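As structure tokens, the structure follows; a few thoughts come after it.
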Amino acid sequence: MRTVIKFFVVLMFAGLLAACTTTGSKSTSADTGQSESAQYQEPNYYLDFDDIMLPKEIDYVNDGSYRLDNAKFKASIMKFKGRVEILELVQFFINNMAKDNWTLISNNKASDSHILNFEKFNKSCVIQVDDNFATATTTIFAVEVKETETKPKQ
């Protein structure tokens, strides 16, 4: 009788150990499922200019935004709002503008506003980030001078 009880105790212990192993592997597969869904999150994007990256956390505001594109230049005023940390947003623009070969000319802070000034060969960009109650308002002023062929006057 004792050997039967010992056999059942060992069998239960083995079953309990197997159950713990199965539970651990299920949580691991759930973790990988979460990381796979994290890979499909909405990426950062470009809007009017293909070298001014915008974070996915701020939303475009049509009111007050403007775009002009003609043969000589392209200009745009883009407005955005979103719930973000101001310093993280400013750092996002500094890092990503550098990646897109912009040169930071100035970084100014005045009370609740950060103003970043960038330049490129034929482009200029000013990014103003205002800290409003619970939201950040971002305004981007960008201008690109297009190269035109000079035609001789007759």
Side-chain angles (χ1 to χ4, degrees), residues 15-154:
L16 189 60
L17 188 61
C20 291
T21 306
T22 305
T23 305
S25 66
K26 284 184 181 177
S27 66
T28 305
S29 65
D31 291 342
T32 57
Q34 289 175 351
S35 66
E36 287 175 8
S37 66
Q39 292 175 356
Y40 295 109
Q41 289 181 352
E42 185 179 333
N44 299 324
Y45 63 100
Y46 296 95
L47 193 61
D48 288 346
F49 287 83
D50 61 356
D51 55 356
I52 300 175
M53 182 176 279
L54 303 166
K56 62 185 175 206
E57 292 84 11
I58 60 175
D59 298 318
Y60 181 74
V61 177
N62 206 15
D63 188 33
S65 296
Y66 178 77
R67 182 175 181 194
L68 173 66
D69 193 357
N70 63 28
K72 294 185 179 185
F73 66 92
K74 177 165 78 168
S76 182
I77 300 172
M78 299 176 279
K79 294 198 174 223
F80 303 89
K81 284 192 179 187
R83 291 182 156 218
V84 294
E85 290 289 328
I86 302 300
L87 296 178
E88 289 179 15
L89 183 60
V90 168
Q91 197 60 47
F92 173 89
F93 282 118
I94 291 171
N95 293 341
N96 286 292
M97 295 293 274
K99 287 178 187 175
D100 285 325
N101 300 317
W102 288 86
T103 303
L104 179 64
I105 303 302
S106 66
N107 179 358
N108 303 307
K109 183 181 183 321
S111 67
D112 293 335
S113 294
H114 287 268
I115 301 170
L116 306 170
N117 186 8
F118 297 94
E119 284 186 354
K120 257 187 175 182
F121 166 70
N122 61 337
K123 296 179 182 180
S124 181
C125 179
V126 176
I127 300 174
Q128 179 177 343
V129 180
D130 295 319
D131 187 6
N132 298 330
F133 180 72
T135 61
T137 303
T138 305
T139 307
I140 300 175
F141 307 91
V143 177
E144 174 185 3
V145 177
K146 297 179 181 178
E147 294 185 34
T148 58
E149 294 181 22
T150 56
K151 296 181 182 178
K153 294 183 179 182
Q154 296 181 9

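Because the structure is predicted, anything quoted here is derived from the model rather than measured.
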Report yes or no: does [X] contribute a side-chain atom to a donor-acceptor pair with the main-chain N or O of [Y] at less than 3.5 Å?
X	Y	value
Ser65	Lys79	yes
Asp112	Asp130	no
Asn70	Phe73	yes
Trp102	Ile52	no

Find out whether [X] and [Y] are in side-chain contact, i.e. whether some heavy atom of one side chain is under 4.5 Å from a heavy atom of the other.
X	Y	value
Ser76	Ile140	no
Phe80	Thr137	no
Asp131	Val129	no
Leu89	Pro55	yes
His114	Phe93	no

Quick check for you: to the nearest 0.5 Å, what is the distance between [X] atom [atom1] and [Y] atom [atom2]?
X	Y	atom1	atom2	answer
Gln128	Ile115	CD	CD1	5.0 Å
Ile94	Asn96	CD1	CG	11.0 Å
Asn95	Lys99	CG	NZ	6.5 Å
Ile86	Lys109	CD1	NZ	9.5 Å

>> Run the side-chain contact (heavy atoms from CB on, under 4.5 Å) test on Lys146 and Asp69 for me, step by step, so that the C-alpha distance in whole Å, both residues' side-chain angles and the decisive distance to 0.1 Å come before the verdict.
In response: CA-CA 10 Å; Lys146 297 179 181 178; Asp69 193 357; 2.4 Å; yes
How close do [X] and [Y] get, counting heavy atoms only, and between which atoms?
X	Y	value
Ala136	Val84	CB-CG2, 3.8 Å
Arg83	Thr135	CG-CG2, 4.1 Å
Phe92	Met53	CE2-O, 3.6 Å

>> Can you confirm whether Lys81 is buried at NZ, in the sense that more than 12 heavy atoms of other residues, nucleotides or ligands lie under 6.0 Å from that atom?
In response: no
>> For Asn117, run the side-chain contact (heavy atoms from CB on, under 4.5 Å) check against Val126, Ile127, Leu104 and tell me which one passes.
In response: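 That would be Val126.
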> Does Lys74 count as lying over the ring of Phe49, i.e. NZ or CZ under 6.0 Å from the six-ring centre, within 45 degrees of the axis?
Replying inline: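 That pair qualifies as a cation-pi contact.
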> Given Asn122 and Glu144, is the side-chain contact (heavy atoms from CB on, under 4.5 Å) satisfied, shown in steps?
Replying inline: CA-CA 6 Å; Asn122 61 337; Glu144 174 185 3; 4.0 Å; yes
>> Taking the basic N atoms (NZ, or NE/NH1/NH2) and the acidic carboxylate oxygens, is any pair closer than 4.0 Å for Lys120 and Asp100?
In response: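 No, no charged N to carboxylate O under 4.0 Å.
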> Going through the checks in order, is the side-chain contact (heavy atoms from CB on, under 4.5 Å) test met by Asn101 and Asp51?
Replying inline: CA-CA 8 Å; Asn101 300 317; Asp51 55 356; over 6 Å; no
